[in-house]
Amino acid sequence: MAYQKPYGMHDILPEEQPCWERARETFRVLCERYGFGRLDTPVLEQTAVFLKGVGEGTDIVDKEMYSFTDKGGDDLTLRPEFTAGVMRAYLEEGMRSRPQPVKLASIGPTFRRDRPGAGRYRQFHQVNAEIIGTEDAAADAELVAMAASFGAALGLGALRVLVNSTGCPACKPPYLAKLGAFLRGRRDRLSPLDRERVDRNPLRVLDSKEAETRAAIADVPLLRDDLCAACRGHFAEVRTLVARAGVEIEEAPLLVRGLDYYTRTVFEIESAAAPGAGTLLGGGRYDGLAEMLDGPRTPGAGFAGGIERMILALKAVERAPRAPRAPDVFVAYIGAAAKEAAFTLAEDLRRTGISAVFGLGDKGLKAQMKLADRTGAGLAVIVGEAELAEGKVQLRAMNASRQELAPLEGLPAALAARLAREAP
RNA sequence: GAGAGUGUAGCUCAGUUGGACAGAGCGCCAGGUUGUGGCCCUGGAGGCCGGGAGUUCAAAUCUCCUCACUCUCCCCA
């Protein structure tokens, strides 16, 4: 093979597109229903947007970004996530002067240079929704409910919705000090990997999957018990509202997320049926993000979902994915003299709104009919020189193997009527 | 970044203790019907056996390196 796709990236072939369209369309409908406006930001941002927004010290910034200097000397980075760029746009485009909060939804490719695995790619696609400009716990609740609805509407089956609060600048630092002291006290009982994390990123030790660590920290102090009154109340309201919305949640006191900007609510949704697919959707509140980007204090919350992962989960639940849409009509012809008339007919059909595939390739009728069969078209129009002389064509119903003569004149309109009648 | 496994035609895979031109099924193309698909029959195209180096009289088969994929870990979507 001469050339290969970049490591960890993938081609999305035509037969996979129905799943993708379903994911995109489901998200679009949901955004409309929840009142989100669509925002498209550049795939590239100034590197500083992510350095400041996502945070130095996070895995994403330290080792997973695709950064480069362009020919003009600008430091640019392929977005590893949406939120920082969306906030940058919110600030730069003056969205502070719109009615608050502003609800923004995005969808597109994101890039992280980590080790590829199942449902994990270096270029992957996310859906993203942000509510910027309010601290209201109802915003958090709405996002959790929306993320869960998205999974349900896609048909992902049973989901686990994990929710936690990571506190605020008032209650988190004291807790971190307490946690650090606790962990340092039993550093020798932690796994080697977690020993290093004690100083670098103590919160991450909490959701460690290493057995020895889990055993060692069974009685670790939880932030849940040390939240300040405001955070405690906020978290309680989020849980109540989500529950009222009929979404079942699990409190996950050990859940932390790897991005610096999270405050208060964090949540993750995974498939109960396909736990191997990893986190399907995840998000939380980021009241400090705007200030990290040198903007005025602006609260916000959001979530992102990995489309590849959701499709993976979808396939685990439903094994007969929708087939790509077949054309309505295949247009075949016999003899060079009929080619022009057939080609013109195909164009006329398309202008009438009928999907038509023309028998490309100067093939014989047999080969064209075989192609017609493979495309799945329900109807074939055969333009033959003999019939053409009388202004007629053959109209063949592929499934029924029946065919009849039909006038070429007005055929598009006649077929449109016929297809409308046969449609469910 | 760490560990393990896999890599033969577009796809799914055979290929015996290293031995002569590398195979099957499906798919693709063509013919069997001057102008008709699905089933059947016949034929054809398509592989430097992931790539490179080495061992050997001889390598798809053994060794090393490299690339890609899969699965854990890490991290997350």
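Numbered from 1 within each chain, the chains take letters A, B, ... in sequence-line order.
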Pairwise distance CZ(A:R88) to CD(A:E45) - rounded to 0.5 angstrom: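 Reported to 0.5 Å precision, the distance equals 4.0 Å.
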Pair partner, [N] [Watson-Crick or wobble, under 3.5 Å]:
N: B:C40; result: B:G32
N: B:U55; result: none
N: B:G47; result: none
N: B:U16; result: none
N: B:C71; result: B:G3
N: B:A22; result: none

So what does [X] hit on the nucleic acid, given a heavy-atom distance under 4.0 Å: a base, only sugar-phosphate, or nothing?
X: A:E268; value: nothing
X: A:L281; value: sugar-phosphate
X: A:F330; value: nothing
X: A:G335; value: nothing
X: A:K370; value: sugar-phosphate
X: A:S401; value: base
X: A:G359; value: nothing

Regarding [X] and [Y], do their side chains bring together a donor and an acceptor under 3.5 Å, going by distance alone?
X: A:E130; Y: A:Y286; result: yes
X: A:D140; Y: A:T265; result: yes
X: A:T110; Y: A:E81; result: no
X: A:E308; Y: A:H10; result: yes

Contact under 4.0 Å: A:R374 side-chain N or O vs B:C28 OP1/OP2: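 So the side-chain polar atoms of A:R374 do come within 4.0 Å of the phosphate oxygens OP1 or OP2 of B:C28, strictly under.
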OP1 or OP2 of B:G1 under 4.0 Å from side-chain N/O of A:K63: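 Checking A:K63 against B:G1: no side-chain N or O falls below 4.0 Å of OP1 or OP2.
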A:R264 charged N/C atom sitting above A:Y262 aromatic ring, 6.0 Å / 45°: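 No cation-pi geometry.
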Interatomic distance, A:Y7 OH vs B:U70 C1' [rounded to whole Å]: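 Computing the A:Y7:OH to B:U70:C1' distance gives 10 Å.
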For atom NZ of A:K366 and atom P of B:U33, their distance in whole Å: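 Value for this atom pair: 9 Å.
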Polar side-chain contact A:R309-B:C76 base: donor and acceptor under 3.5 Å: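 Looking at the base of B:C76, it does pair with a donor or acceptor on the side chain of A:R309 (distance under 3.5 Å).
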No-H, no-angle donor-acceptor pair, A:Q368 side chain to B:U36 base, under 3.5 Å: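 Under the 3.5 Å cut-off, the side chain and the base do not form any donor-acceptor pair.
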How far does the [atom1] atom of [N] sit from the matching atom of [M], given to the nearest Å?
N: B:C49; M: B:G7; atom1: P; result: 15 Å
N: B:A45; M: B:G35; atom1: P; result: 25 Å
N: B:C65; M: B:G19; atom1: C1'; result: 27 Å
N: B:A24; M: B:A9; atom1: C1'; result: 11 Å
N: B:G1; M: B:G47; atom1: P; result: 35 Å
N: B:G43; M: B:A59; atom1: P; result: 33 Å
N: B:C48; M: B:G44; atom1: C1'; result: 22 Å
N: B:C11; M: B:G18; atom1: P; result: 29 Å

Atom CZ of A:R33 with >12 non-hydrogen neighbours under 6.0 angstrom: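 No, not enclosed.
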Check: A:F124 ring centroid to A:F111 ring centroid under 6.0 Å: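 So the answer is no for these two rings.
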Residues from residues 379-395 of chain A lying under 4.0 Å of RNA chain B - heavy atoms: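 The answer is A:I382, A:A386, A:E387, A:Q394.
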Option passing side chain to side chain contact (heavy atoms under 4.5 Å, CB included) with A:S106 (candidates A:L39, A:T83, A:V127):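 With A:S106 as partner, side chain to side chain contact (heavy atoms under 4.5 Å, CB included) holds for just one option, A:L39.
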